[in-house]
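Just so we're clear, the structure is a prediction, and the values are computed from it rather than from any experiment.
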Amino acid sequence: MGNFSIKVSLLEPGYFKTNFNQAMLQPTVTHSDYDTVRDVIRSSVQGAIAQGDNPDKVAQAIARIASSSSPRLRYRVGNESRWLPCLRAILPDKLFRFGARKRLNLP
């Protein structure tokens, strides 16, 4: 993108109080074997969004990035988006997966 003087930044948000989850596409084909897991994850994500940060933080970050003369490639906004990569980097894989399953209320 540099040849075209286009700067690209990634904004990686955590959970925010929005209605984005209402607009998510539903699968056209489902398998009943996964119904319980799908419902548990959907419920967990809806709960996390309901308890999420104020979405104004994302809007402020976008404005700050867009007005920057030298934006970074990656920005993380929100609590989980900040600490989750740190945990992933320092925890053994098995322990990280255990925590992720617990966060999503999976067995």
Output every pair passing side-chain hydrogen bond (donor to acceptor under 3.5 Å, both in side chains) with a member in [range], not counting sequence neighbours, ordered by first then second residue.
{"range": "residues 34-46", "result": "Q26-R42, D35-R38, D39-R42, S44-N105"}
{"range": "residues 83-102", "result": "R88-D93, D93-R97"}
{"range": "residues 48-74", "result": "E12-R74"}

**Prompt:** Which residues satisfy the side-chain contact (heavy atoms from CB on, under 4.5 Å) test with A100, sequence neighbours excluded?
**Reply:** none
**Item:** Set of side-chain contact (heavy atoms from CB on, under 4.5 Å) partners for L84, sequence neighbours left out
**Value:** F96
**Asked** Under a 4.5 Å side-chain heavy-atom rule over Ile, Leu, Val, Met, Phe, Trp and Tyr, are L106 and F98 clustered together?
**Response** no
**Asked** Heavy atoms, side chains only, cut-off 4.5 Å: are N79 and Y15 in contact?
**Response** no
**Message:** What I'd like to find out is whether the side chain of P71 reaches to under 4.5 Å of the side chain of S9, using heavy atoms alone.
**Reply:** yes
**Prompt:** Which ILVMFWY residues are connected to L11, directly or by a chain of links, through side-chain heavy atoms under 4.5 Å apart?
**Reply:** F16, V58, I62, I65, Y75, V77
**Complete:** Heavy-atom nearest pair, G52 first then K17, reads O-CE, 3.0 Å
**Complete:** When every non-hydrogen atom of E80 is compared with those of P85, the smallest separation belongs to O-CD, 4.1 Å
**Request:** Kindly compute the distance separating OG1 (T18) from CD1 (I49), expressed to the nearest 0.5 Å.
**Result:** 5.5 Å
